[in-house]
Every structure is written in C-alpha cells, then in structure tokens.
Amino acid sequence: MTRQHRKPVMAAALLTAFSALAYATPAAAADNPYGLGALWSNGDFIARTVLIIMVVMSVGTWYIMITKFLEQARMMKAAKEVKAKFWPAHDIKQGAAQLDTASPFRYIADTGITAAEHHEGTMQETIDLYSWTTMSIQRSVDFIQNRLQGGLAFLGTVGSTSPFVGLFGTVWGIYHALTAIGIAGQASIDKVAGPVGESLIMTAIGLGTAVPAVLGYNMLVRRNKGALDEVRNFAADVQSILIGGYRHETHDPAE
C-alpha cells in the first residue's frame with residue numbers, strides 16, 4: 001500500500017471508530033445507564049483520555065496489521081514472479097528488467113549489477129569485487145528487512161502496555177466508586193454500580209486492544225521470517241552470478 005493510499009485508509013478507520021463511538025453514546029445511555037455511552041458522557045477528563053488512548057491504539061493496531069499483511073502478500077507474489085521471469089532469462093540484466101520496478105527483488109538485482117559494473121574509483125579499488133558486491137547487496141537486504149519490520153514495534157508496545165492502560169482506567173473507576181461511597185455514607189448499589197461498571201469496561205477495552213496486537217505481532221514476525229528467507233536466498237544467488245566470471249552483456253569470460 002503506497003503512502004498516498006495509507007492516508008485515506010487511516011482517516012477512514014479513525015472516522016469509523018469515532019462515528020461508532022458517537023453513535024453508541026445516545027443509544028447506550030438510553031438502554032444501559034452503565035454502558036459505554038454512559039462511560040463517555042459521565043466520565044471525567046482522565047476517563048475520556050484513557051478511552052481515547054485505547055481507541056487510537058486499537059485503530060493503529062488494525063491499520064498496521066492490514067497494511068503489513070498486504071505488503072507481505074505483495075512480497076510473496078514478487079518471489080513467485082522471480083521464479084517465473086527472472087531465472088529463465090539469459091542474463092542477470094534481462095532477468096532484472098522482467099521484474100516489476102517496485103519489486104524488492106528487482107531492487108536487489110539492480111543494486112548488485114550497479115555495484116559490479118561500477119567497481120572503480122580511488123577508494124573502491126581498494127576493495128575486491130567480491131567484498132564490494134557483497135556489501136552492496138547486504139545493504140539492500142538490510143533496507144528491505146527494516147521496511148518489513150516497520151510498525152512491529154508499535155504492535156509490541158500496544159500488546160504490552162494496553163492492559164496496563166486499561167488497568168489504570170479500572171483503578172480510576174474504583175476510586176470514583178469509593179469516593180461515591182464516602183460521600184453518600186453508605187455502600188448502596190446505585191452509588192457504586194456506575195463507577196465499577198466504568199472500571200470493568202476499561203479493563204475489557206484494554207484486553208480487547210492487547211489481544212489483536214499480540215496475535216498480529218506474532219503472525220507478522222513469522223511471515224516476515226519466510227519473506228526474508230526468500231530475499232536472502234535470492235541475494236545469495238545473485239551474488240553467485242555476479243562473481244561467476246561472466247560479463248553481464250555477452251557472458252564472455254571476464255578479463
């Protein structure tokens with residue numbers, strides 16, 4: 001998913017989340033005085049802030065998971081394209097030209113070709129061709145790896161912190177319940193039901209935010225490993241071709 005497509009997706013996700021929250025407020029308040037709508041309408045600044053933080057965490061989690069799954073799917077499709085178009089070609093240049101310009105495998109192949117063909121200059125001459133092409137290809141592999149891992153830190157952070165954010169909302173709700181009891185002078189159910197209900201809702205939202213983040217993180221890490229194995233294997237094969245002793249244009253033995 002390109003950057004220009006990510007903004008509409010993010011905006012639509014946020015609009016959907018807040019629209020659902022706004023829609024649920026009057027209905028829930030009418031049907032259930034201790035529900036999510038009552039939590040938003042009756043909650044103080046801290047309760048609303050905690051709720052907004054967890055909504056942002058949840059929206060960000062689903063946005064990252066969807067975009068990363070799509071990115072991984074495109075990479076696996078590109079890996080199949082390599083087997084169908086790159087390797088049957090007569091030389092590495094022709095094979096690279098057959099790949100899509102946005103393919104990470106095309107990026108690795110072009111990097112290796114450029115490194116092998118432009119191995120000259122005062123400083124580059126001090127590095128042998130094998131080491132120079134190896135370093136260049138490894139940099140391209142590291143770049144692809146960093147791009148694949150983008151967003152995973154956010155999922156890990158949400159998965160580990162959102163339960164504690166919800167727990168903070170729980171503690172704050174219990175504090176309000178105890179305050180209501182102290183003001184009323186008696187522990188009647190109508191005095192504590194609202195604050196206790198708010199605290200339980202906060203706990204549920206925190207867990208509901210953490211579970212998808214943890215599951216998504218583990219699945220994306222596992223899928224990233226398979227995609228990176230394809231990338232590393234392709235990079236090693238390209239490196240073998242580049243140092244095989246043949247010119248890219250004619251396949252004549254290199255001098």
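From Met219, atom CE reaches atom CE of Met65 across 9.0 Å, with rounding to the nearest 0.5 Å. In this structure, NZ in Lys77 is found 9.0 Å from CG in Asp100, a value given to the nearest 0.5 Å. Considering OG of Ser103 and CE of Met75, their distance stands at 8.0 Å, rounded to 0.5 Å. For the atom pair Asn224 CG and Arg147 CZ, the distance stands at 11.0 Å (nearest 0.5 Å). Rounding to the nearest 0.5 angstrom, the gap separating the OG1 atom in Thr134 from the CG atom in Leu242 is 9.0 Å. Thr49 OG1 to Met54 CE: the interatomic distance, rounded to the nearest 0.5 Å, is 11.0 Å.
Residues Val221 and Tyr63 share a single hydrophobic cluster, defined by chaining ILVMFWY side chains whose heavy atoms lie under 4.5 Å apart. A continuous path of hydrophobic side-chain contacts links Ile113 to Trp87 [ILVMFWY only; heavy atoms under 4.5 Å]. Linking ILVMFWY residues whenever their side-chain heavy atoms come closer than 4.5 Å, directly or via other members, places Ile108 and Phe143 in the same cluster. Phe69 and Trp62 fall within the same hydrophobic cluster, defined by Ile, Leu, Val, Met, Phe, Trp and Tyr side-chain heavy atoms under 4.5 Å apart, directly or through other members. Linking ILVMFWY side-chain heavy atoms closer than 4.5 Å, directly or via other members, places Val214 and Leu207 in two distinct hydrophobic clusters.
Here the closest heavy-atom approach between residue Ser58 and residue Thr209 is recorded as N-CG2, 3.9 Å. Residues Ala84 and Pro88 approach most closely at O-CG, 3.5 Å, considering heavy atoms. Across all non-hydrogen atoms, the minimal contact from Gly112 to Ile137 is CA-CG1, 3.9 Å.
The shortest distance between side-chain heavy atoms of Gln72 and Leu220 falls below 4.5 Å. Lys68 places none of its side-chain heavy atoms less than 4.5 Å from the side chain of Arg223. Between Glu81 and Gln98, the closest side-chain pair of non-hydrogen atoms is not below 4.5 Å. Side chains of Ile92 and Phe86 form a contact here, defined as non-hydrogen atoms less than 4.5 Å apart.
Taking Arg106 as the reference, Asp110 meet the salt bridge (Lys or Arg N to Asp or Glu O under 4.0 Å) condition, with sequence neighbours excluded.
Counting non-hydrogen atoms of neighbouring residues, nucleotides and ligands closer than 6.0 angstrom, the OH atom of Tyr217 reaches no more than 12 such neighbours.
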Assess whether side-chain contact (heavy atoms from CB on, under 4.5 Å) is satisfied between Tyr107 and Thr101, documenting all intermediate values. CA-CA 8 Å; Tyr107 173 67; Thr101 55; over 6 Å; no

Which donor-acceptor pairs under 3.5 Å do side chains of residues 152-168 form with protein atoms, sequence neighbours excluded?
| from | atom 1 | to | atom 2 | distance (Å) |
| --- | --- | --- | --- | --- |
| Thr157 | OG1 | Ala153 | O | 2.8 |
| Ser160 | OG | Gly156 | O | 3.0 |
| Ser160 | OG | Thr157 | O | 3.1 |
| Thr161 | OG1 | Thr157 | O | 2.6 |
| Ser162 | OG | Val158 | O | 2.6 |
| Ser162 | OG | Ala210 | N | 3.3 |

Pairs under 3.5 angstrom only: tabulate donor-acceptor contacts from the side chains of residues 229-238 to other protein residues two or more places apart or in another chain.
| from | atom 1 | to | atom 2 | distance (Å) |
| --- | --- | --- | --- | --- |
| Asn233 | ND2 | Asp229 | O | 3.0 |

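Under the 3.5 Å distance criterion, with hydrogens and angles disregarded, no donor-acceptor pair is assigned to the side chains of Thr111 and Ser136.
Checking each of Ile53, Val59, Val55 against Met57 for a side-chain contact (heavy atoms from CB on, under 4.5 Å) leaves exactly one that passes, namely Ile53.
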